[in-house]
Amino acid sequence: MNTKLEQDIERVLFTEEELRQRVAQLGAQINADYAGRSLILIGVLRGSFIFVADLVRQLSLPCTVDFMAVSSYGAGTTSSGQVRIVKDLSEDIAGRDVLVVEDILDTGHTLSHLLRYLEGKQAASVRLCTLLDKPSRRTQPVEVQYCGFSIPDYFVVGYGLDYAEQYRSLPYIGVLKPCVYEKP
Ligand code: IMP
Ligand code: MG
């Protein structure tokens, strides 16, 4: 374990075991809901890469995996600005059942833009699976079909989630000490 990174964690919010159990439950729900069909998972880079890897191994359906990357420009530290597609789909999703897989839903800016974009591609269906949701921060309505955990307005890292590209490798999800990002 990287003890240097761990010093910046105020407390663990979800342990490895809690994450494992919740991802298995989500997988079981998705297997039941899409029984007899096949699925394309679209991971939103980069925060979702570990969640996608764990979730896909819980699926018993035929599925393919693709990724998109978006960047958001806005004032301050939130993604309240314009959303730009940095990496587009590699697969054609027309006629497919699509499941967008995201690390965390915050203001909803990123996902409302992304879902609107995907809706123009004639998919058979488009649903959203997010590991974490901070509903108190929402400014754009987003419909979520699968949610791992709803959390208060904490800034969290680990299990793929970053602050300044760090902490993604922590195997649990932890609350980052505010002193790390509240630089004078
Ligand atoms: P939204 O567009 O405001 O919903 O922002 C969603 C994106 O912001 C997520 O995909 C994350 O990349 C990032 N984000 C929001 N909250 C957190 C957090 O607590 N930790 C790490 N990244 C976050
Ligand atoms: Mg992200």
Side-chain angles (χ1 to χ4, degrees), residues 1-27 30 41-59 65-74 76-81 83-87 99-115 127-140 142 144-183:
M1 189 52 57
N2 190 327
T3 50
K4 179 106 176 54
L5 293 183
E6 298 217 281
Q7 285 166 6
D8 294 340
I9 303 301
E10 195 167 86
R11 67 194 172 88
V12 174
L13 202 55
F14 302 112
T15 63
E16 273 188 87
E17 181 56 21
E18 286 169 328
L19 290 167
R20 197 191 59 72
Q21 284 181 13
R22 189 68 188 118
V23 173
Q25 287 171 349
L26 289 171
I30 293 165
L41 299 189
I42 300 179
V44 185
L45 293 172
R46 283 173 259 180
S48 73
F49 76 107
I50 293 178
F51 182 37
V52 170
D54 283 349
L55 183 66
V56 76
R57 283 177 288 177
Q58 298 297 326
L59 299 183
V65 180
D66 201 349
F67 289 96
M68 288 185 75
V70 293
S71 74
S72 34
Y73 295 92
T77 50
T78 66
S79 66
S80 53
V83 179
R84 190 169 64 91
I85 291 167
V86 176
K87 185 220 168 289
L99 185 63
V100 176
V101 182
E102 174 64 304
D103 54 353
I104 186 165
L105 179 54
D106 188 28
T107 65
H109 233 278
T110 308
L111 280 170
S112 64
H113 180 92
L114 203 65
L115 292 169
R127 285 182 166 188
L128 174 62
C129 177
T130 185
L131 179 65
L132 302 174
D133 185 9
K134 289 198 250 188
S136 66
R137 297 255 312 155
R138 196 84 80 255
T139 58
Q140 307 282 313
V142 174
V144 187
Q145 286 79 22
Y146 305 99
C147 173
F149 302 98
S150 213
I151 65 169
D153 183 15
Y154 301 139
F155 196 85
V156 292
V157 293
Y159 195 72
L161 287 102
D162 75 306
Y163 171 67
E165 296 303 325
Q166 298 296 315
Y167 310 99
R168 294 191 197 274
S169 58
L170 293 175
Y172 52 80
I173 287 180
V175 180
L176 193 61
K177 287 180 182 167
C179 63
V180 176
Y181 52 90
E182 281 171 359
K183 296 269 159 59

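As a basis for the values below, the full set of heavy atoms in this structure was taken, side chains included, without hydrogen atoms, waters or symmetry mates.
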Counterpart residues, side chain to side chain donor-acceptor pair (under 3.5 Å), relative to Lys87 (two or more places apart) = Ser90
Only one of Asp8, Val156, Asp162, Leu161 clears side chain to side chain contact (heavy atoms under 4.5 Å, CB included) with Tyr167; which?
-> Asp8
Rounded to the nearest 0.5 Å, how far does CD1 of Ile50 lie from CG of Leu19?
-> 10.0 Å
Could you tell me which non-hydrogen atom of Asp103 sits nearest to which non-hydrogen atom of Gly47, and how far apart they are?
-> OD2-CA, 3.2 Å
Atom pairs and distances, donor-acceptor, side-chain atoms in residues 144-152, under 3.5 Å, two or more places apart:
residue : atom : partner : partner atom : Å
Gln145  : OE1  : Leu128  : N            : 2.8
Tyr146  : OH   : Asp33   : OD2          : 2.6
Tyr146  : OH   : Arg127  : NH1          : 2.9

Exercise: do Asp54 and Tyr159 side chains pair donor with acceptor under 3.5 Å = yes
Heavy-atom side-chain proximity of Glu165 to Arg46 below 4.5 angstrom = yes
For the residue pair Phe155 and Glu182, establish whether any side-chain heavy-atom pair is separated by less than 4.5 Å.
-> no
Within 45 degrees of the axis of the six-membered ring of Tyr154 and under 6.0 Å from its centre: does Arg11 put its NZ or CZ there?
-> yes
Exam field: side chain Thr15 to backbone Glu18, donor-acceptor pair closer than 3.5 Å | yes
Which atom of Ala69 lies closest to which atom of Leu45, heavy atoms considered | CB-CB, 4.0 Å
Shortest non-hydrogen contact between Leu132 and Thr130, atoms and distance | O-OG1, 2.8 Å
Who are the side chain to side chain donor-acceptor pair (under 3.5 Å) partners of Gln21, not counting sequence neighbours?
-> Glu17
Mind checking whether Leu114 and Val83 have side chains closer than 4.5 Å, heavy atoms only?
-> no
For the residue pair Val157 and Tyr163, what are the closest heavy atoms and their distance?
-> CG1-N, 3.8 Å
